[in-house]
J.: 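Input: one structure, supplied below.
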Amino acid sequence: MSNVVGVVLVLLALVVFVMCLIGLISPKWLRFSKDGTPPKRTHILLGILFVPLVLFGIGGGLLDPVEDKGAPQTVAANDAPKQEQAAPVPSAPPAQPVSKNLGITPDQFRTAYNGLITQIDKQLALPKLQVTDGSVYNTFTVQLSSAAHAVGTVEKQSGKLRELMLIAGSGKTSDNMQTIAVLLTAAHVTTQGATKEEISKAVSELTTQALTNSDKPGAKALTAVVGNREYVANASKLTGLMFSIGDAR
């Protein structure tokens, strides 16, 4: 109801305002007195300033406030759409441990070994290697000469040689010559990053020193890094000479 009254008062204020404007222009249109005398322009001007303003004020106060539909609605913090959290940056995979092996399979070793040893003595060529399955590593054993044999350790996953152990007993001079030949050949075909002279010198010095120390109680194993390989030599009267070739990393 108050809203209707307010609208009527606002419209009435507009009518009064229009009539006063007409009276200012031509006061004769506002002859409301009995004698027909038009009102003075001063009275009309006061009517324009006072009456419409009062009617506008009263009518506007009775009107209901209009909701502002265009105003942005405040969304509760809990109702706001949750932004997708950025996916966590995947961490770099852990570095895989470097496999320490000789970089060749038993068959590759046999092929390279025979290609070199047969230039010295064809009877020293190796037969096909029989690899035996082990719990941790696979292994093979092969006779290199009448006084020397080799034991190879093979990685299960890669199938490559992990280490090569050459074992030689003392014997005749011819046996000792063959032992030196097979030691040098095995070192040459498994070592990279060193010259032939460096390899031969390292093998000769290690074996000579190890055999010299075999008479000394508590003699320690001798080691040398040649190229990408580590040579270890040890000797005793009980076991003879043991010479191993492994990765130097």
Side-chain angles (χ1 to χ4, degrees), residues 95-169 175-211 220-236 239-249:
Q96 296 295 326
V98 178
S99 180
K100 300 182 65 173
N101 57 55
L102 302 183
I104 55 175
T105 64
D107 286 339
Q108 290 171 334
F109 166 74
R110 171 179 171 271
T111 300
Y113 181 89
N114 286 346
L116 190 57
I117 197 69
T118 52
Q119 298 178 23
I120 302 172
D121 189 343
K122 293 183 179 180
Q123 294 182 355
L124 298 179
L126 297 180
K128 183 174 177 60
L129 302 175
Q130 300 297 323
V131 180
T132 303
D133 189 32
S135 58
V136 180
Y137 298 109
N138 297 335
T139 59
F140 67 83
T141 302
V142 63
Q143 190 77 27
L144 298 178
S145 67
S146 57
H149 66 277
V151 177
T153 304
V154 184
E155 291 181 344
K156 283 182 171 292
Q157 185 174 1
S158 66
K160 294 182 179 180
L161 268 173
R162 179 179 175 83
E163 187 180 51
L164 187 65
M165 172 73 75
L166 297 95
I167 304 173
D175 292 338
N176 293 335
M177 293 296 294
Q178 288 182 347
T179 298
I180 295 174
V182 298
L183 283 176
L184 288 173
T185 301
H188 279 292
V189 299
T190 56
T191 304
Q192 294 81 40
T195 64
K196 294 181 179 179
E197 292 74 15
E198 291 173 336
I199 296 172
S200 298
K201 180 181 179 181
V203 172
S204 177
E205 290 180 350
L206 284 176
T207 54
T208 300
Q209 189 62 43
L211 291 172
K220 296 182 179 180
L222 304 175
T223 62
V225 175
V226 182
N228 60 347
R229 300 292 172 248
E230 181 182 44
Y231 301 157
V232 181
N234 194 11
S236 70
T239 60
L241 174 66
M242 293 183 293
F243 189 94
S244 68
I245 303 171
D247 192 275
R249 287 175 291 182

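Position 1 is the first residue of the sequence, and the numbers go up from there.
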J.: Please report the interatomic distance OG1(Thr139) to CZ(Arg162), rounded to the nearest 0.5 Å.
T.: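 Interatomic distance, Thr139 OG1 to Arg162 CZ, rounded to 0.5 Å: 14.0 Å.
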J.: When you look at Leu126 and Leu144, which way does the side chain to side chain contact (heavy atoms under 4.5 Å, CB included) test go after all the steps?
T.: CA-CA 7 Å; Leu126 297 180; Leu144 298 178; 3.6 Å; yes
J.: Looking at every non-hydrogen atom in both residues, tell me the closest pair between Asp247 and Asn101 and how far apart they are.
T.: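 Residues Asp247 and Asn101, closest heavy atoms: OD2-O, 2.9 Å.
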J.: Enter the distance from Thr185:OG1 to Leu116:CG here, rounded to the nearest 0.5 Å.
T.: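 Between atom OG1 of Thr185 and atom CG of Leu116 there are 4.5 Å.
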J.: Where is the tightest heavy-atom contact between Val225 and Ala248, given as atom of each residue plus distance?
T.: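 Reported closest heavy-atom pair: CG1-CB, 4.0 Å.
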J.: Could you grab the distance from atom CG of Leu161 to atom OG1 of Thr190, nearest 0.5 Å is fine?
T.: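 If I round to the nearest 0.5 Å, the distance is 8.5 Å.
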J.: Ignoring hydrogens and geometry, is there a side-chain-to-backbone donor-acceptor pair from Ser204 to Ser200 under 3.5 Å?
T.: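 Side chain of Ser204 to backbone of Ser200, a donor-acceptor pair under 3.5 Å: no, none is there.
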J.: Could you go through Phe243 and Leu222, starting from their C-alpha distance and side-chain angles, then the distance that decides it, and tell me whether this counts as side chain to side chain contact (heavy atoms under 4.5 Å, CB included)?
T.: CA-CA 10 Å; Phe243 189 94; Leu222 304 175; over 6 Å; no
J.: Within the 4.5 Å heavy-atom criterion, are Lys128 and Asp107 side-chain neighbours or not?
T.: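 In contact.
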J.: Measure the CD-CD distance between Glu155 and Glu163 for me, rounded to the nearest 0.5 Å.
T.: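 The CD atom of Glu163 is 11.5 Å from CD of Glu155, to the nearest 0.5 Å.
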J.: Carefully, step by step, assess Tyr231 and Thr223 under the rule side chain to side chain contact (heavy atoms under 4.5 Å, CB included).
T.: CA-CA 5 Å; Tyr231 301 157; Thr223 62; over 6 Å; no
J.: CZ/Arg229 to CD1/Ile245 distance, rounded to the nearest 0.5 angstrom?
T.: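 Interatomic distance, Arg229 CZ to Ile245 CD1, rounded to 0.5 Å: 9.0 Å.
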J.: Considering non-hydrogen atoms only, spot the tightest contact between Ala187 and Val203 and give its length.
T.: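 Result for this residue pair: CB-CG2, 3.8 Å.
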J.: Once you round to the nearest 0.5 Å, how far does CG of Asn234 lie from CD1 of Ile167?
T.: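 Nearest 0.5 Å value for the CG-CD1 distance: 11.5 Å.
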J.: Which atoms form the tightest heavy-atom contact between Gly152 and Leu164, and what is the distance?
T.: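 Between these two residues, the closest heavy atoms are CA-CD1, 4.1 Å.
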J.: Locate the shortest heavy-atom distance separating Pro106 from Val131; write the atom from each residue and the value.
T.: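 So the two residues come closest at CG-CG2, 4.2 Å.
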J.: Determine the minimum heavy-atom distance between Leu241 and Leu183, stating which atoms define it.
T.: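 What the structure gives for the nearest pair is CD2-CD1, 3.9 Å.
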J.: Is there a side chain to side chain contact (heavy atoms under 4.5 Å, CB included) between Asn138 and Lys156? Walk through the geometry before answering.
T.: CA-CA 6 Å; Asn138 297 335; Lys156 283 182 171 292; 3.0 Å; yes
